[in-house]
Amino acid sequence: MSDRVESSEKKGSEGVAGADEIVRKQNPLRSAVVPMNSKGLRLRAEDLLDLTDGRVDREALQALAGQSIVNPRQFDRRTIVAIAQLAALLETRNVELDKPLDGKIAITAFFEPSTRTRLSFESAVQRLDGKVLSVPDGQVTGIAKGESLADIGEMFNTYGDVVIMRHPDTDSVDEIRRNLQRPLINAGNGSGHHPTQALIDWYALLKWRPELSLADCPQDRKVHLGIIGTPGSMRAVKSFLRLSLMFEQSVSNITLISEMADPVGLDLTEPIEESPIKINIVNDVQEVLPELDVVYVNSIAFLGDSYRNLDSRYKLDSNSNLKPGAVIMHPLARNNELSDDLDETDHNLYFAQAAGAVFVRQALLASVLDRLDRITGI
Ligand code: CP
């Protein structure tokens, strides 16, 4: 099977309207065309569903009902694929008509800045007819007066049905859960984890190359992942690596490229040691770049009590010696590590990756809030 993708480069300025027409034709019920990434690869959610004749592994999703999502280690390959299948279904069908989250309230409590995570969660809830209580800046809460997160968690029990929290402290998840009885979705906790970002990353990969979801992925479709960054202090990189270790049947190699002597960190030392995937660590990106099928890059790290750019000497641009057909992923926000002269190229998977966020978060919320029965056809 070939990678069935389209690039805006090939489509030119008329390509955006052309792509929208394709979506409308495939989904005559959809009243509003799904927003798509403006540049780079366009992924087709249908390609992932084709592998199962449109079926979604509902049993795996039902196990998430009422669960908090705090650490990527609570997932397994089956659940990740099931979430991606439901996300693909949501991306290709007008399930807004089903109103799956009608009557549910999500609290988004962000004690740290965000462009994508908060807004895509809020969009996900509202598009499924749920309601949102939004705290875009934790300083407008009692935190500014010295209130504890544990006390705020107690209050949230009566205000909403699910809490989506981002916080600069790694311990914040445990702190709010001292009193919170509603499911908590960790939207990034210091240098800890960013589990929903990793689900979004794998959704993009599974749409790009659907065979990666198979237990018997053909040998010539397996991928060599390169990760430029320091998982020990970069939560998005850490969570992506953690999920990638669960795809041992489709990931042949993982190469970590970092400035640090020991970039892995305590959380992942054991899973890496136990993984059958060939994993190595290098500090010269040129050494490996031409071998990588997927290059995941990030530079924002949480060190001590502040954010810093790490691994900033590694820069990708359109002159980088990338393998033909290789894709670049980035959780965004980016800095100088990823040049915008790559945006128009077929290497750009990062915009399509970000564009999938709403559907993955919808799939997760419908599962956690036990509303799968409201989605027709699964
Ligand atoms: N990927 C991500 O977490 O982006 P934001 O910081 O904008 O939420």
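Everything numeric here is computed off the predicted structure, so don't read it as measured data. For this chain, numbers begin at 1 and follow the sequence in order.
- Each of Leu89, Leu90, Leu97 was evaluated against Arg93; a single residue qualifies, Leu89, per the side chain to side chain contact (heavy atoms under 4.5 Å, CB included) test.
- Note that the CG atom of Leu241 and the CE atom of Met234 stand 12.5 Å from one another [nearest 0.5 Å].
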Trace of the side chain to side chain donor-acceptor pair (under 3.5 Å) decision for Asn280 with Thr255: CA-CA 5 Å; Asn280 65 328; Thr255 299; 2.9 Å; yes
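- Between the side chain of Glu259 and the backbone N or O of Asn283, no donor-acceptor pair lies under 3.5 Å.
- For the pair Arg55/Ile378, no side-chain contact is recorded, criterion being any heavy-atom separation below 4.5 Å from C-beta on.
- No donor-acceptor pair under 3.5 Å is formed between the side chain of Thr117 and the backbone N or O of Ser114.
- Proximity of Leu322 to Leu342: side-chain heavy atoms (C-beta onward) are separated by under 4.5 Å at one or more points.
- Looking only at distances, a side-chain donor or acceptor of Arg166 sits under 3.5 Å from a matching main-chain atom of Ala187.
- Smallest separation of non-hydrogen atoms from Arg361 and Arg116: NH1-O, 4.0 Å.
- Taking the charged nitrogens against the carboxylate oxygens, Glu154 and Arg177 have no contact shorter than 4.0 Å, which rules out a salt bridge.
- Listed here is the closest heavy atom pair of Ala204 and Leu349: CB-CD2, 4.4 Å.
- A donor-acceptor contact shorter than 3.5 Å is absent between the side chain of Asp57 and the backbone of Thr79.
- No single ILVMFWY cluster, assembled from side-chain heavy atoms under 4.5 Å apart, contains both Met36 and Val358.
- Met165 and Phe121 fall into different hydrophobic clusters, where Ile, Leu, Val, Met, Phe, Trp and Tyr residues are linked whenever their side-chain heavy atoms come under 4.5 Å apart, directly or through other members.
- Linking Ile, Leu, Val, Met, Phe, Trp and Tyr residues whenever their side-chain heavy atoms come within less than 4.5 Å leaves Ile185 and Ile176 in two separate clusters.
- Placement of Ile105 and Met155 within a single hydrophobic cluster is found when ILVMFWY residues are connected by side-chain heavy-atom separations under 4.5 Å, directly or transitively.
- Checked by atom type and distance alone, the side chain of Ser148 pairs as donor or acceptor with a backbone atom of Asp151 at under 3.5 Å.
- Both Val163 and Leu133 belong to a single network of hydrophobic side chains, linked directly or stepwise wherever heavy atoms of I, L, V, M, F, W or Y lie under 4.5 Å apart.
- Taking both residues in full, the closest heavy atoms of Ala88 and Leu48 are given as CB-CD2, 4.3 Å, listed atom of the first, atom of the second, then distance.
- Donor-acceptor pairing under 3.5 Å is lacking for the side chains of Ser275 and Glu248.
- The distance from the CD1 atom of Ile328 to the CZ atom of Arg334 is 10.0 Å, given to the nearest 0.5 Å.
- When side chains are defined from C-beta on, Trp208 does not count as touching Asp47, because their heavy atoms never get closer than 4.5 Å.
- Under a 4.0 Å N-O distance rule, the pair Glu59/Arg78 qualifies as a salt bridge.
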Candidate pair Leu101 and Asp129, rule side chain to side chain contact (heavy atoms under 4.5 Å, CB included), full reasoning: CA-CA 5 Å; Leu101 298 187; Asp129 257 62; 5.7 Å; no
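- No side-chain donor-acceptor contact under 3.5 Å links Arg118 and Thr108.
- With contacts defined as side-chain heavy-atom distances shorter than 4.5 Å, the pair Ile83/Tyr203 does not qualify.
- Side-chain contact annotation: Asp317 with Ser339, donor-acceptor N/O pair under 3.5 Å absent.
- A donor-acceptor contact shorter than 3.5 Å links the side chain of Gln249 to the backbone of Leu214.
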Report the C-alpha distance between Leu184 and Val173 in whole Å, list the side-chain angles of each, state the deciding distance to 0.1 Å, and finish with yes or no for side chain to side chain contact (heavy atoms under 4.5 Å, CB included). CA-CA 8 Å; Leu184 175 73; Val173 166; 3.9 Å; yes
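- Side chains of Asp343 and Tyr350: a donor-acceptor N/O pair is present below 3.5 angstrom, by distance only.
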Side chain to side chain contact (heavy atoms under 4.5 Å, CB included) between Lys323 and Leu292, worked out: CA-CA 7 Å; Lys323 182 177 177 178; Leu292 304 177; over 6 Å; no
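- Atoms OG and CG, on Ser244 and Leu205 in that order, are 7.0 Å from each other to the nearest 0.5 Å.
- In this structure a side-chain-to-backbone donor-acceptor pair under 3.5 Å is present from Gln74 to Ser68.
- Across all non-hydrogen atoms, the minimal contact from Asn179 to Asn157 is O-ND2, 3.0 Å.
- Across every non-hydrogen atom of Lys207 and Ala45, the tightest pair is CD-CA, 3.7 Å.
- Atom CG in Leu364 sits 9.0 Å away from atom CG in Leu369 (nearest 0.5 Å).
- With a 4.5 Å cut-off on side-chain heavy atoms, Tyr296 and Leu256 do not count as touching.
- Under the 3.5 Å distance criterion, the side-chain polar atoms of Arg182 are left unmatched by any main-chain donor or acceptor of Phe156.
- Nearest heavy-atom pair, Lys39 versus Asn37, reported as atom, atom and distance to 0.1 Å: O-ND2, 3.1 Å.
- A donor-acceptor pair shorter than 3.5 Å can be found between the side chains of Ser258 and Thr230.
- Tested against Phe247, the residues Trp202, Phe75, Phe240 include a single ring-ring contact (aromatic ring centres under 6.0 Å, His included) partner, Trp202.
- Within the 4.5 Å cutoff, side-chain heavy atoms of Leu149 are placed close to those of Phe111.
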Start with the C-alpha distance between Arg42 and Glu91, add both sets of side-chain angles, then the distance that settles salt bridge (charged side-chain N to carboxylate O under 4.0 Å, His left out), and finish with yes or no. CA-CA 13 Å; Arg42 311 276 181 89; Glu91 188 169 349; over 6 Å; no
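- The shortest distance between side-chain heavy atoms of Leu86 and Leu372 falls below 4.5 Å.
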For the pair Val237 and His194, evaluate side chain to side chain contact (heavy atoms under 4.5 Å, CB included) and give the outcome as yes or no after the intermediate values. CA-CA 9 Å; Val237 173; His194 197 350; over 6 Å; no
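- A donor-acceptor contact closer than 3.5 angstrom is absent between the side chains of Thr170 and Asn189.
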Show your working on side chain to side chain donor-acceptor pair (under 3.5 Å) between Glu344 and Asn348 and close with a plain yes or no. CA-CA 7 Å; Glu344 300 279 1; Asn348 171 3; over 6 Å; no
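- Atoms CD and CG, from Glu46 and Leu43 in turn, are 11.0 Å apart once rounded to the nearest 0.5 Å.
- Between the CD1 atom in Ile254 and the CD1 atom in Ile281 there is a gap of 11.0 Å [rounded to 0.5 Å].
- Judged purely by atom type and a 3.5 angstrom limit, Asp284 uses its side chain to pair as donor or acceptor with the backbone of Gln286.
- Judged by distance alone, the side chain of Gln353 and the main-chain N or O of His330 form a donor-acceptor pair under 3.5 Å.
- Between Arg374 and Asp102 there is a side-chain heavy-atom pair separated by less than 4.5 Å.
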